[in-house]
Amino acid sequence: MGKEFWKSACPHDCPSACSLEVERLSSTRIGRIRGAAANTYTDGVVCAKVARYAERVHHPDRLKQPLQRVGEKGKGEFRPISWDDALNEVAEAFTRAARTHGPEAVWPYHSGGTMGVVQRWGIDRLRHAFGYSRQKSTICVTPADSGWRAGVGKLWGPDPREMAQSDLIVVWGGNPVSTQVNAMTHIAKARKQRGAKLAVIDVYRTPTVETADIGLVLRPGTDAALALAMMHVLLKEGFADRDYLARYTDFGADIEQHIADKTPQWASAITGLAAAEIEDFARLYGRTQRSFLRLGFGFTRSRNGSAAMHAVTCLPAITGAWRHQGGGAFFLSWDNWRLDTTLAHGLDMIDPKTRIIDQSRIGPILCGDKDALAGGPPVMAMLMQNANSANVAPDSAAVARGLGREDLFTCVHEQFITATAKYADILLPAAMFLEYDDLYYGLGHTHLTVGPAVLDRYEDCHTNHELICGLAQRLGSNQPSFRMSAVELLDATLRASGRGTWDEAVAKGWIDFAEDFQSSHFLDGFPSSDGRFHFKPDWSAVGPYHAGLKPLPDHLENYERESEDMPFRLVVPPARAFLNTTFTETPGSISREGEPRALIHEDDATRLGVTEGAVVRLGNARGEVRVKARPSLTARQGVVIVEGNWPSGAYLDGVGINTLIGADPVPPNGGAAFHDTAIWLKVA
């Protein structure tokens with residue numbers, strides 16, 4: 001008898017949103033998972049952590065029943081409670097907070113634990129139905145998004161499958177070998193079939209840098225300087241497409257004059273790269289028509305990240321690479337989906353006067369910062385789904401202080417007892433993606449992937465959608481969507497969007513939203529106000545924190561600079577076997593990663609007397625973390641790399657690395673500067 005594989009889709013916060021084939025052993029058990037071969041982006045490939053998902057879905061530590069706190073917040077002491085009693089407790093707490101402080105005192109909070117159209121963003125129906133505080137979701141994409149929109153206009157671009165037809169692929173600020181393995185599939189095709197070159201730009205020698213033909217390792221926060229120097233060479237040495245610049249952009253003599261002194265020698269002093277290295281790379285880029293920039297998040301997670309993204313997107317506009325198949329730049333798909341989510345997300349119930357508070361600033365918000373609270377009342381009650389903010393959010397010590405408030409009621413809907421779950425007053429068991437139905441945005445490609453349920457529900461777990469509906473009904477809403485199943489909502493969404501039906505989507509496994517060549521390469525004009533690429537962006541139209549940003553491509557030095565007191569720069573990129581704190585509980589991922597380590601340049605280690613495995617203290621005004629060290633040549637001197645995101649409990653004092661990260665908003669529209677932190681380092 002042959003093995004039985006069922007169609008599904010990966011729900012996790014990764015741009016690949018892979019179409020999957022899941023080996024179903026019974027209605028309650030799976031075997032291995034593989035990428036769907038028929039999906040031309042997934043192309044039969046899936047990352048190792050999802051391939052062994054059986055470790056996670058069948059993990060013995062999964063939450064099985066609702067729990068109520070009996071001990072001190074943060075200790076994780078609970079007693080069993082029924083679903084009815086739990087939902088009644090939550091409804092009463094929300095009603096009490098709204099009656100005492102107004103409905104904005106209730107803050108439904110979500111992040112990217114699932115990227116499902118219904119199971120992630122369905123929480124917005126709850127907030128809109130009752131006038132609860134709205135959420136500005138900034139923690140992941142906003143700095144990069146802002147920089148892309150400043151120049152291009154909207155979030156779409158060439159089909160990333162076109163990388164297979166490129167002659168030069170530049171992965172800038174991304175590590176797809178670890179975090180988006182499918183992109184490497186299409187890059188490998190170009191290298192094998194066309195002899196294409198792969199260049200990778202990052203702040204340490206990631207696995208992707210190690211596989212590249214050209215690896216450029218910069219100082220953190222200096223990517224815009226490299227881009228400007230490249231533009232200088234392109235303009236000076238005749239690689240600019242002057243016709244393209246005139247027809248498709250707002251480029252002018254003022255921009256050319258601004259770039260005239262941004263020489264490779266100037267950029268060398270900033271980036272740490274040799275001037276000749278910058279010149280050679282700029283010339284290679286300039287003479288390669290089919291040059292494809294695959295832009296990642298990493299280089300934008302800095303206080304100058306939006307300006308850096310804008311500067312980098314200027315490069316294909318200088319050379320006119322957008323004209324060519326396999327040319328141009330791609331960051332994410334978002335604005336091409338055009339799904340009508342009015343019903344699924346309750347968009348028709350929004351009161352525009354309701355305050356919007358920033359997801360990334362959850363620490364200051366819960367600690368009562370008036371600016372972070374946007375002039376509204378304190379947050380007195382929360383429902384948290386898809387989020388482990390006590391570990392993942394910046395300034396996590398402030399998050400813990402806020403979650404530990406005795407006057408704050410918190411309901412956490414989770415799959416495991418995370419650091420955040422330990423602060424819950426009510427802790428509810430959440431279903432995993434194989435146990436429910438949803439659609440997923442493929443942000444790194446053009447497919448809307450379809451994930452029908454494969455398994456029966458585990459123990460007494462409920463889906464996010466079921467929890468939202470049950471709570472809304474107790475709170476008194478008669479809105480029809482709270483009485484619809486997830487499949488009914490998904491079907492209605494597809495029909496309203498002119499994209500067929502749920503059954504048709506399930507039969508195929510995905511829906512391809514790819515634009516035609518002209519549109520995706522902006523040859524009919526850019527999706528901006530005047531149809532042009534903007535070298536001179538209006539930052540005030542992008543976000544409220546635009547003061548200090550310049551109306552031209554530029555390198556800004558507004559990031560946390562090293563000093564005599566804090567001579568090191570800390571970068572906290574993702575580990576290969578984790579995804580935020582997801583998979584930190586699975587044996588395969590733990591075995592591969594081992595334990596948290598601070599990667600320190602060998603010369604710095606020698607000077608400070610740091611040896612392999614020695615315990616070091618990393619700190620700044622926000623806190624202090626103890627971790628074992630590993631001398632390495634992976635990054636430049638003065639740069640410390642701590643891959644994660646490990647749970648706080650994995651560190652020597654139970655204090656996680658994001659304690660050291662600032663929660664101030666990144667210009668111009670918010671976001672977290674995870675890779676922009678000045679620290680001191682001492683031998684413990």
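Counting begins at 1 with the first residue of the sequence. These figures come from a predicted structure and were not determined experimentally.
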Quiz item: Taking all non-hydrogen atoms of both residues, which atom of H445 and which atom of A17 are closest, and how far apart?
Solution: NE2-O, 3.7 Å
Self-check item: Single hit among D167, I169, D213 for side chain to side chain contact (heavy atoms under 4.5 Å, CB included) with K197
Solution: D213
Quiz item: Does any donor atom in the side chain of N175 or S178 lie under 3.5 Å from an acceptor atom in the other side chain?
Solution: yes
Quiz item: Roughly how far, to the nearest 0.5 Å, is CG of D369 from CD1 of I357?
Solution: 11.5 Å
Quiz item: Would R242 and E256 pass as an ion pair if we require N to O under 4.0 Å?
Solution: yes
Exercise. State, yes or no, whether a side-chain contact exists between V666 and T142 at a heavy-atom distance under 4.5 Å.
Key: no
Practice problem: Could you check L618 against I657 for side chain to side chain contact (heavy atoms under 4.5 Å, CB included), going step by step and ending with a plain yes or no? | Solution: CA-CA 9 Å; L618 313 178; I657 197 67; 4.1 Å; yes
Practice problem: Quick one: pull up OG in S540 and CG in L549 and give me the separation to the nearest 0.5 Å. | Solution: 10.5 Å
Exercise. State, to 0.1 Å, how close W539 and S146 come at their nearest heavy-atom pair, and which atoms those are.
Key: CZ3-O, 4.0 Å
Practice problem: Tell me, please, which residues at least two apart from E277 pass salt bridge (Lys or Arg N to Asp or Glu O under 4.0 Å). | Solution: none
Quiz item: Say you draw a straight line from SG of C14 to CG of L579; how long is it, rounded to the nearest 0.5 Å?
Solution: 6.5 Å
Quiz prompt | Full working for side chain to side chain contact (heavy atoms under 4.5 Å, CB included) between M231 and L315 | solution = CA-CA 7 Å; M231 285 186 261; L315 290 167; 3.7 Å; yes
Self-check item: Residues forming a salt bridge (Lys or Arg N to Asp or Glu O under 4.0 Å) with D516, sequence neighbours excluded
Solution: none
Exercise. Report the residues that fulfil side chain to side chain donor-acceptor pair (under 3.5 Å) with H675, sequence neighbours left out, ordered by chain and then residue number.
Key: none
Quiz item: Which residue, W148, F674, F331, forms the ring pair (Phe, Tyr, Trp, His ring centres under 6.0 Å) with F297?
Solution: F331
Exercise. Could you note down all residue pairs passing side chain to side chain donor-acceptor pair (under 3.5 Å) where residues 279-300 supplies at least one of them, sequence neighbours left out?
Key: E237-R283
Self-check item: For the student: nearest non-hydrogen atoms of S306 and P667, plus distance
Solution: OG-O, 3.2 Å
Exercise. I would like to know whether R303 and D676 meet salt bridge (Lys or Arg N to Asp or Glu O under 4.0 Å); could you show each step before the answer?
Key: CA-CA 7 Å; R303 289 168 180 79; D676 179 2; 3.1 Å; yes
Exercise. For residues F251 and F533, establish whether the separation of their ring centroids is below 6.0 Å.
Key: no
Quiz item: For R622, what residues pass the salt bridge (Lys or Arg N to Asp or Glu O under 4.0 Å) criterion, not counting sequence neighbours?
Solution: E560
Exercise. Using the test side chain to side chain donor-acceptor pair (under 3.5 Å), find all partners of T582 that sit at least two apart in sequence or belong to another chain.
Key: none
Exercise. Starting at CG of L273, measure out to OG1 of T222 and round the result to the nearest 0.5 Å.
Key: 7.0 Å
Quiz prompt | Those residues that, when tested against Y248, pass ring-ring contact (aromatic ring centres under 6.0 Å, His included) (two or more places apart) | solution = Y244
Quiz item: Which pair of non-hydrogen atoms, one from H555 and one from A225, has the smallest distance, and what is that distance?
Solution: CB-N, 3.8 Å
Exercise. Nearest 0.5 Å please: distance from the CG atom of L245 over to the CD1 atom of I318.
Key: 5.5 Å
Quiz item: Strictly by modelled atom types, are N669 and K136 linked by a side-chain donor-acceptor pair under 3.5 Å?
Solution: yes
Quiz item: Side-chain donor-acceptor pair under 3.5 Å between H534 and D530, yes or no?
Solution: yes
Quiz item: Can you list the residues that meet the side chain to side chain donor-acceptor pair (under 3.5 Å) rule with R247, with sequence neighbours excluded?
Solution: none
Quiz item: With D261, which residues qualify under side chain to side chain donor-acceptor pair (under 3.5 Å), at least two apart?
Solution: none
Exercise. Would you please indicate if the ring centroids of Y41 and H186 are separated by under 6.0 Å?
Key: yes
Quiz item: Got a second to check how far L373's CG is from R361's CZ, nearest 0.5 Å?
Solution: 9.5 Å
Self-check item: Nearest heavy-atom neighbours spanning M163 and A190
Solution: O-CB, 3.1 Å
Quiz item: If you look at every heavy atom in H324 and F517, which pair is closest and at what distance?
Solution: C-CZ, 3.9 Å
Quiz item: Side-chain donor-acceptor pair under 3.5 Å between T581 and N391, yes or no?
Solution: no
Self-check item: Results of ring-ring contact (aromatic ring centres under 6.0 Å, His included) for Y109 - residues two or more places apart only
Solution: W107
Quiz prompt | D358: partners by salt bridge (Lys or Arg N to Asp or Glu O under 4.0 Å), with sequence neighbours left out | solution = none
Practice problem: Please identify each residue that fulfils ring-ring contact (aromatic ring centres under 6.0 Å, His included) with F330, with sequence neighbours left out. | Solution: none
Quiz item: Have S333 and T446 got a donor and an acceptor in their side chains that come within less than 3.5 Å?
Solution: no
Quiz item: With ring centroids as reference points, do W121 and Y441 lie under 6.0 angstrom apart?
Solution: yes
